[in-house]
Structures are given as structure tokens and as C-alpha cells.
Amino acid sequence: MVQAEFNCCGATLTHAGLAQEGRDAALANLAAWDAAGRPRVLTLCASCQAGLEEYTHLEGLDKGLAQAFVGSLTPLSVLLGNCTWIVEPTAPERIHFHHPCHDHGGADTRLMVSILGDTLQAGQRGNCCGMGGVMQLARPDMAQAVSESCWQAMGATAGDLVLTGCSGCVLTLRATAPKGVTVAHWLDAVL
């Protein structure tokens, strides 16, 4: 099997106005995937999954190849949905789940609910963390207000754990978390 050289999905570049750089990243990923024999691609980040799914809409890409690639994408949480889980007794009493703006059909939420049941405080959908693509760069004042609103709605307090399925949300939530609140990707919690 050929060693694939996958890159960033390119969506953040495209959204930031660097369309050619985003398209170049997409082209490199499609070439790597094709050279590797078109395997299934597991995704860990909801926003990356959404960015990869956008390949079918980018100008200058082989539409058939892009459609086949998108068909190969599978969120890891979908594969883990049928596993049996044991919650450690040292787990925090209150665990919140932040729904990323891109949530690939709620697969991450379903997995967390199946593992944690009533322990999980599943937040409201559409409650942006303040990352908002490039909002932090373009409108930091707005990003801060959105972030504060997110934390207020979540109601997390010291000792709580907040999980999410987007790497960008992890960064933003960690940077803005109330004192004593831990933030992690859901994968960190199931390892």
C-alpha cells in the first residue's frame, strides 16, 4: 500500500479567502487518497469532516473523484457506536457535550449519550463556541460575546468536563473556559 500524504482539509484556508491554497490542499488530499487505493477515511473532527465534504463543490476538481472520496468519509464515532463502554468511577459528576456547528449528523452526540447516559449534559444545538470559522480573526469582539453566551448557556462550573467533536471548538473552549472547567475532544475521554 502507498503511504498517503494527507494535509489539512483546506476549508479554513478557503473560508479565510485563500481559495487557491484551499483548492491545492484538496487536490493534494484527493491525489494521496487515490494513490493509496481509495481506502475508507476516518474523521475525528466534525469541522474537518464538513471541510472534506465540500470537495464536491470546489472548482477545478475531478467531480467523480471528489464524490467517491466524500463517499469514503466515516466519522470515527459512527464506528465506535456499537462498542461496550465502562465509565471509570473517577469520571467527573457533570460532563457536558458542546455541539459543534458541524456535527456530521449528530454521530458524536449519539456516541456520548450511549456511553454516558444521564451523566451527560447535552447542550443545545446551534450554540457556537466563538470560533466561527475565522470570526476570531475578523471580529474578535463578536467572537468573545458569542463565547460568553455559549458558556452561559452551558452552565459548566469548576470540576465539570466539557467534551466536543471539533478540534477548533476544543481550542476555543479551552481558551475561554471558566476557571476549573476541563475541555477535551470526546476521543480524549474514551481512550
Side-chain angles (χ1 to χ4, degrees), residues 6-26 28-30 32 41-58 69-70 73-80 95-113 120-156 160-179 181-191:
F6 287 96
N7 296 303
C8 166
C9 68
T12 304
L13 295 166
T14 301
H15 298 160
L18 302 171
Q20 185 59 50
E21 290 82 351
R23 192 170 19 267
D24 290 347
N29 286 336
L30 288 173
V41 177
L42 298 179
T43 58
L44 308 175
C45 172
S47 292
C48 292
Q49 168 92 18
L52 294 168
E53 289 172 351
E54 289 177 6
Y55 285 8
T56 58
H57 304 293
L58 293 177
F69 175 75
V70 169
L73 300 175
T74 305
L76 180 60
S77 55
V78 169
L79 293 182
L80 298 177
I95 302 173
H96 304 263
F97 187 77
H98 171 263
H99 300 276
C101 296
H102 304 109
D103 72 353
H104 46 69
D108 293 349
T109 306
R110 286 190 299 279
L111 177 64
M112 292 296 94
V113 168
L120 185 67
Q121 310 290 312
Q124 301 171 352
R125 292 192 187 281
N127 198 9
C128 179
C129 66
M131 177 76 166
V134 295
M135 179 171 41
Q136 287 188 10
L137 298 173
R139 291 287 311 273
D141 57 327
M142 182 185 293
Q144 182 178 351
V146 169
S147 182
E148 288 170 4
S149 176
C150 174
W151 281 110
Q152 193 171 33
M154 199 176 325
D160 290 359
L161 171 62
V162 174
L163 301 174
T164 189
C166 170
S167 54
C169 293
V170 169
L171 293 173
T172 301
L173 291 169
R174 279 187 183 162
T176 60
K179 187 175 176 115
V181 174
T182 302
V183 176
H185 189 285
W186 63 261
L187 186 58
D188 294 320
V190 300
L191 292 178

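For the atom pair L80 CG and L42 CG, the distance stands at 9.0 Å (nearest 0.5 Å). Residue C128 holds its SG atom at 10.5 Å from CE of M142, rounded to the nearest 0.5 Å. Atom CZ of R23 and atom OH of Y55 lie 12.0 Å apart (nearest 0.5 Å). For the atom pair OG1 of T14 and CD of Q20, the computed distance is 9.5 Å after rounding to the nearest 0.5 Å. The CG atom of L73 lies 5.0 Å from the CD atom of Q49; values are rounded to the nearest 0.5 Å. Annotation: the span from T164 atom OG1 to H185 atom NE2 amounts to 7.0 Å, rounded to 0.5 Å.
With no hydrogens or angles considered, a side-chain donor-acceptor pair links E148 and Q144 at under 3.5 Å.
Closest approach of V78 and A107 over heavy atoms only: CG2-CB, 3.7 Å. When every heavy atom of R174 is checked against every heavy atom of D188, the shortest pair comes out as NH2-OD2, 4.1 Å. Across all non-hydrogen atoms, the minimal contact from H96 to L120 is C-CD1, 4.0 Å. Across G155 and D160, no two heavy atoms sit closer than the pair O-OD2, 4.3 Å. Here the closest non-hydrogen pair linking N7 and A28 is ND2-CB, 3.1 Å. Smallest separation of non-hydrogen atoms from P75 and T43: CA-OG1, 3.4 Å.
Using modelled atom types, one side-chain atom of N29 and one backbone atom of C8 make a donor-acceptor pair closer than 3.5 Å. At distances below 3.5 Å, not a single donor-acceptor pair connects side-chain atoms of H98 with backbone N or O atoms of C150. Under the 3.5 Å distance criterion, the side-chain polar atoms of S47 are left unmatched by any main-chain donor or acceptor of C166.
A side chain to side chain contact (heavy atoms under 4.5 Å, CB included) with C129 is found for one member of L173, L171, T176 and no other, namely L173.
Counting only heavy atoms from C-beta outward, the side chains of F97 and D108 approach each other to under 4.5 Å.
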